[in-house]
Amino acid sequence: MNKRIERQTLHLYLEGELDMKNASELKSVIDLDIEKKGVRTVILHLDDLHFIDSSGLGVILGRYKKLLPLEGKLKIANAPPHIYRIMELSGLPKIIEFLPKEPAV
Amino acid sequence: MEVNKIILTFSSLPQNVTIARMLASSLGAQMDLALSELEELKVAVSEAVSNAIIHGYSNAPDQFVTLELEADETKISIQVTDNGCGIPDVNQAMQASYSTDPDRMGLGFIFMQSFMDELRVESEVNKGTKVLMVKYLSHNRPSSH
């Protein structure tokens, strides 16, 4: 998992699978940067994410909820179609902002 | 009709969730499921096995989960069994927003229900839980009649 912090924005590049075996790792990475580095915007880049289930979605929703009272935001970028379908079924796009696909840099 | 049956019992460890869903997906691929259906099958198995480990065994790593896969020309049946704490009220557990863990959204059963054609849950407190899911193949095939 690569990450980059610019001003108060944390960019996280998720890879592989997000399920119960690594969901808590993602949770602590994000929470630490929110608490210690003052991050207020988290952008999850999902280009290279191949799998997600409710454990992964739960962590994403949980970080969204954590940022709300801090007036922060969580956004999702470049979700592959099959990942997006699962997120859609969970209702996530109704509350979380999905960024349009960025042109490759 | 040829029946292919695979039974795997594994430790209640998070990394085995991956193995369980890969096995189901391999069997699904042999039965010519479409790619999108394989993705859905993987999510359904992941949810059932995660539930067994997280809820059935409260994340205790020294217990066992059994995955039974059965494929024939018409369907793939998947059964996930644990001998954990059981679910006191199965109907309530299967409700949309029900979860004992606020971060998990109670989505597990929703995904199993949405992605599989049949879902049955049998549970007894302090005995364990059995989740049976069926995916039919016939309507996925080009029509032969």
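Each chain gets a letter, A, B and so on, in the order its sequence line appears, and its residues count up from 1.
Closest approach of B:V43 to A:I52, counting heavy atoms only: CG2-O, 3.8 Å.
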Please tabulate, for side-chain N and O atoms in residues 10-18 of chain B, each donor-acceptor pair with protein atoms closer than 3.5 Å (sequence neighbours left out).
residue	atom	partner	partner atom	Å
B:S12	OG	B:A60	O	2.5
B:S12	OG	B:Q63	N	3.1
B:S12	OG	B:Q63	O	3.3
B:N16	ND2	B:S11	O	2.9
B:T18	OG1	A:K21	NZ	3.0

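Residue-environment remark: CZ (B:R120) stays at or below the threshold of 12 foreign heavy atoms within 6.0 Å. With a 6.0 Å radius and a threshold of 12 heavy atoms from other residues, nucleotides or ligands, A:K3 has its NZ atom above the threshold. Counting heavy atoms of neighbouring residues, nucleotides and ligands inside a 6.0 Å radius, atom CD1 of B:I7 exceeds 12 of them.
Contact annotation: the side chain of B:V49 never approaches that of A:M20 to less than 4.5 Å [non-hydrogen atoms, C-beta and beyond]. Proximity of A:D53 to B:F111: side-chain heavy atoms (C-beta onward) are nowhere separated by under 4.5 Å.
Taken to the nearest 0.5 Å, the NE2 atom of A:H82 stands 14.5 Å off from the CD atom of B:E37. Interatomic distance, A:S54 OG to B:I54 CD1, rounded to the nearest 0.5 Å: 7.0 Å.
Using a 4.5 Å cut-off between side-chain heavy atoms of Ile, Leu, Val, Met, Phe, Trp and Tyr, with links allowed through other members, A:L70 and A:V29 fall into the same hydrophobic cluster.
Under the salt bridge (charged side-chain N to carboxylate O under 4.0 Å, His left out) criterion, the residue pairs touching residues 14-23 of chain B are A:E17-B:R21, A:D19-B:R21, with sequence neighbours excluded.
Both the backbone and the side chain of B:S36 come within less than 4.5 Å of a heavy atom in chain A. Neither the backbone nor the side chain of A:I83 comes within less than 4.5 Å of any heavy atom in chain B.
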